[in-house]
Amino acid sequence: MQVLMVASEGAPFVKTGGLADVVGALPAALSPLGVETRVVLPAYPALFPLLPTGKEVARFDDLPGGTGRIVEVTSGGITLFLLDAPQLFDRPGGLYVDEAGKDWTDNHLRFAALSMAGARIAMGAVDGYQPDVLHAHDWQAALAPVYLRMSGRDMPRSVITIHNIAFQGRFGPQVLDRLHLKTDWFHPEGLEFHGDLSFLKGALMFSDRITTVSPTYAREILTPEFGMGLEGVLQARSNVLSGLLNGIDTDAWNPADDAALAETYDVKTLKRKASNRIALSERLGLQVRTDGPLFCVISRLTSQKGLDALLEAVPHLVSRGAQLAVLGTGQPELEQGFRDAAELNPGQVAAYIGYDEPLSHLFQAGSDAILIPSRFEPCGLTQLYGLHYGTLPVVARTGGLADTVIDANVAAIAAKAATGFVFSDVSAVGLAAVIDRVVDAYADTKLWQAMQRAAMRHPVSWESSAKAYRDLYSDLVS
Ligand code: ADP
Ligand code: GLC
């Protein structure tokens, strides 16, 4: 079985969030199951060093936004098809935004080009390569199944995975022509969404299968509260919609073998985790303490993540003798809010505003608990890293968070099954209440260690979800 994935980011090459973790890890998990995956990615500057090591395998003159060539390279066990189109991807700034944080004004061209290149490769543009399935991820790749369907072919089959329905790739109708899309498909049963072109809606209409990244989110997006306007489309196609939980790359994220840690540990040597709290505290200028838990946040700082509510709960957290370490970037007012909180609570609250992959590993190892008060969360990966590192997740009951963390209620504690803390009310009051529960549990060392052991034993690898993807692909092709 050959699968061609199309995505706008993939770890360890380029990453802004969990999408990259998934695209970076799923291919390796599929390989032992007989599924050979290749990934189409844009050649951003971070990938330029790979270009000379690869081979040009296709050239397109008529992509939206101009010409582009495909360079095939293998790196870190993944075969990539890099779309080298400097006029679209060779620029400073972020993957999706310029240096001022504004969306690139030609994002419709950039990601239509990516999608079209993916569709062309799926249809045989690279000599000797013919995938059975085209698997597109998120809005940036969402036109790939549309271009495939426009070609009139029914092979390869197509899958769209929704990692976050808040991002839909919505543009004014005037862009239609430049994207070489059929204008007679521009209507509410096709590509149109309230008068605009929606990349994601196109994929939801024209892919053979729709997946999202947790079973709970698959149900939630059928409702107006979570569907962001696409709930009707999803309801109409609910017979092909499923939720497959993300896993984690347990080689890249392994507390027993992680170069970013002060000391490595596993479930049998949990005591050694303590050195990491000391190292993290020293790095961040936090007072070295053990009489209360150190909470961390590793996150995009956006309203999705509920961190405005956490900011309001910081005084309560500190008054309970707990500490807080934040690693993140995002909305300026949240960045400033956490900087201010750190200044107001020296030694007890620290904010590292920036993106730092190795530091995120030390945050996981050095903290006692990780806070994820999201308003919605398709899957979430940081709670999975937390479980694996014995850093108990404190999560809102939504999406993949609800599917992966077992709340420390009386029954779960009695069954030795509890792995974290789950709460429903994302507000300062709700957070204060759950922080109280965590502080009390931390004071009960026997309970805390039992929960850490249960967390570390909880299966978080890709093993079972990779099988579910394999089954989905096989089903589609047969
Ligand atoms: P999302 O994709 O919505 O941002 P996820 O929890 O799925 O949320 O994935 C976030 C990924 O990005 C995780 O791998 C997390 O460790 C990483 N991450 C987020 N912010 C930072 C940061 N400031 N520095 C390093 N890694 C970060
Ligand atoms: C999105 C979601 C996150 C999910 C990630 C990977 O960015 O916000 O919940 O874990 O994609 O699927």
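Whatever order the structure lists them in is the order used to number ligands and atoms, beginning at 1. Quick caveat: nothing in here was measured; it's all calculated off a predicted structure. All residue numbers in this chain count up from 1 along the given sequence.
Ligand 2 places these atoms under 4.0 Å from at least one heavy atom of Gln304: 8 (O). Close contacts between ligand 1 and Asp21 involve ligand atoms 11 (C), 13 (C), 14 (O) [criterion: under 4.0 Å to a heavy atom]. Which parts of ligand 2 touch Leu19 is read off a 4.0 Å heavy-atom cut-off, strictly below it: atoms 5 (C), 6 (C). Close approach of ligand 1 to Thr382 (heavy-atom distance below 4.0 Å) involves ligand atoms 6 (O), 13 (C), 15 (C), 16 (O). Close contacts between ligand 2 and Val22 involve ligand atoms 6 (C), 12 (O) [criterion: under 4.0 Å to a heavy atom]. Those atoms of ligand 1 that come under 4.0 Å of a heavy atom in Leu381, given as number and element, are 5 (P), 6 (O), 7 (O). Counting the atoms of ligand 1 from 1 in the order shown, those under 4.0 Å from a heavy atom of Asp356 are 24 (N), 25 (C). Proximity to Gly18 (heavy-atom distance under 4.0 Å) selects the following atoms of ligand 2: 5 (C), 6 (C). Atom numbering of ligand 1 starts at 1 in the shown order; those under 4.0 Å from a heavy atom of Gly380 are 6 (O), 7 (O). Short contacts between ligand 1 and Ser360, defined as distances under 4.0 Å to a heavy atom of the residue, involve ligand atoms 25 (C), 26 (N).
Applying the side chain to side chain donor-acceptor pair (under 3.5 Å) rule to Thr211 yields the partners Thr161; only residues at least two apart in sequence or on another chain are considered.
At least one heavy atom of Tyr385 sits closer than 4.0 Å to an atom of ligand 1. Close to ligand 1: Gly354, with a non-hydrogen atom less than 4.0 angstrom away. Under the 4.0 angstrom criterion for non-hydrogen atoms, Cys379 is not in contact with ligand 1. Using a 4.0 Å heavy-atom cutoff, Gly17 is absent from the residues neighbouring ligand 2. For Lys305, the closest heavy-atom approach to ligand 1 falls below 4.0 Å.
A centroid separation of less than 6.0 Å is found between the aromatic rings of Tyr44 and Phe89. The six-membered or imidazole ring of Phe199 lies away from that of His108, with a centre-to-centre distance of 6.0 Å or more.
The N/O atoms of Gly18, backbone and side chain alike, include one that comes under 3.5 Å of an N/O atom in ligand 1. Close N/O approach between Thr329 and ligand 1 is not found [any backbone or side-chain N/O within under 3.5 Å]. Considering backbone and side-chain N/O of Trp253, none are found under 3.5 Å from N/O of ligand 1. Geometrically, ligand 1 and Lys15 share a nitrogen or oxygen pair separated by less than 3.5 Å.
Within the 4.0 Å heavy-atom criterion, the part of Val213 lying near ligand 2 is the side chain and not the backbone. With a 4.0 Å heavy-atom cut-off, ligand 2 is reached by the side chain of Asn246 but not by its N, CA, C or O.
Comparing Ala20, Gly380, Ser214 against atom 10 (O) of ligand 2, the shortest heavy-atom distance belongs to Gly380. Compare Tyr352, Tyr355, Phe363, Phe376 by their heavy atoms: the one nearest to atom 27 (C) of ligand 1 is in Tyr355. Between atom 16 (O) of ligand 1 and the options Val297, Ile298, Asn246, the minimum heavy-atom separation is to Ile298.
We find the CZ-CD distance between Phe295 and Gln323 to be 11.0 Å, quoted to the nearest 0.5 Å.
The 12-atom threshold is exceeded at CD of Gln235, counting heavy atoms of other residues, nucleotides or ligands nearer than 6.0 Å.
Protein heavy atom in closest approach to atom 9 (O) of ligand 2: Glu377 OE2, 2.4 Å. Looking only at heavy atoms of the protein, atom 2 (C) of ligand 2 is closest to His163 O, 3.1 Å. Protein heavy atom nearest atom 4 (O) of ligand 1, with residue, atom name and distance: Arg300 NE, 2.7 Å.
A 4.5 Å side-chain heavy-atom check between Val146 and Leu191 finds at least one atom pair inside the cut-off.
Ring geometry, Tyr469 versus Trp462: the interplanar angle falls from 30° to 60°, so the pair is classed tilted. Between His137 and His163, the two ring planes are tilted [angle within 30° to 60°].
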Stepwise salt bridge (charged side-chain N to carboxylate O under 4.0 Å, His left out) test for Asp368 and Arg277: CA-CA 8 Å; Asp368 300 296; Arg277 178 162 176 182; 2.8 Å; yes
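We find that Arg272 and Asp266 are not joined by a salt bridge, their nearest charged nitrogen and carboxylate oxygen being 4.0 Å or further apart. Looking at Lys305 and Glu377, a side-chain N of the basic residue comes within less than 4.0 Å of a carboxylate O on the acidic one, giving a salt bridge. A salt bridge between Lys201 and Asp196 is absent, with no side-chain N of the basic residue lying under 4.0 Å from a carboxylate O of the acidic one. At a threshold of 4.0 Å, the pair Arg237-Asp208 does not count as salt-bridged, since none of the basic side-chain nitrogens sits closer than that to a carboxylate oxygen. Between Asp407 and Arg437 there is a salt bridge, since a side-chain N of the basic residue sits under 4.0 Å from a carboxylate O of the acidic one. Checked for salt-bridge contact, Arg470 and Asp475 miss the test: no charged N lies under 4.0 Å from a carboxylate O.
One side chain, Glu9 or Tyr96, offers a donor N or O that lies under 3.5 Å from an acceptor on the other.
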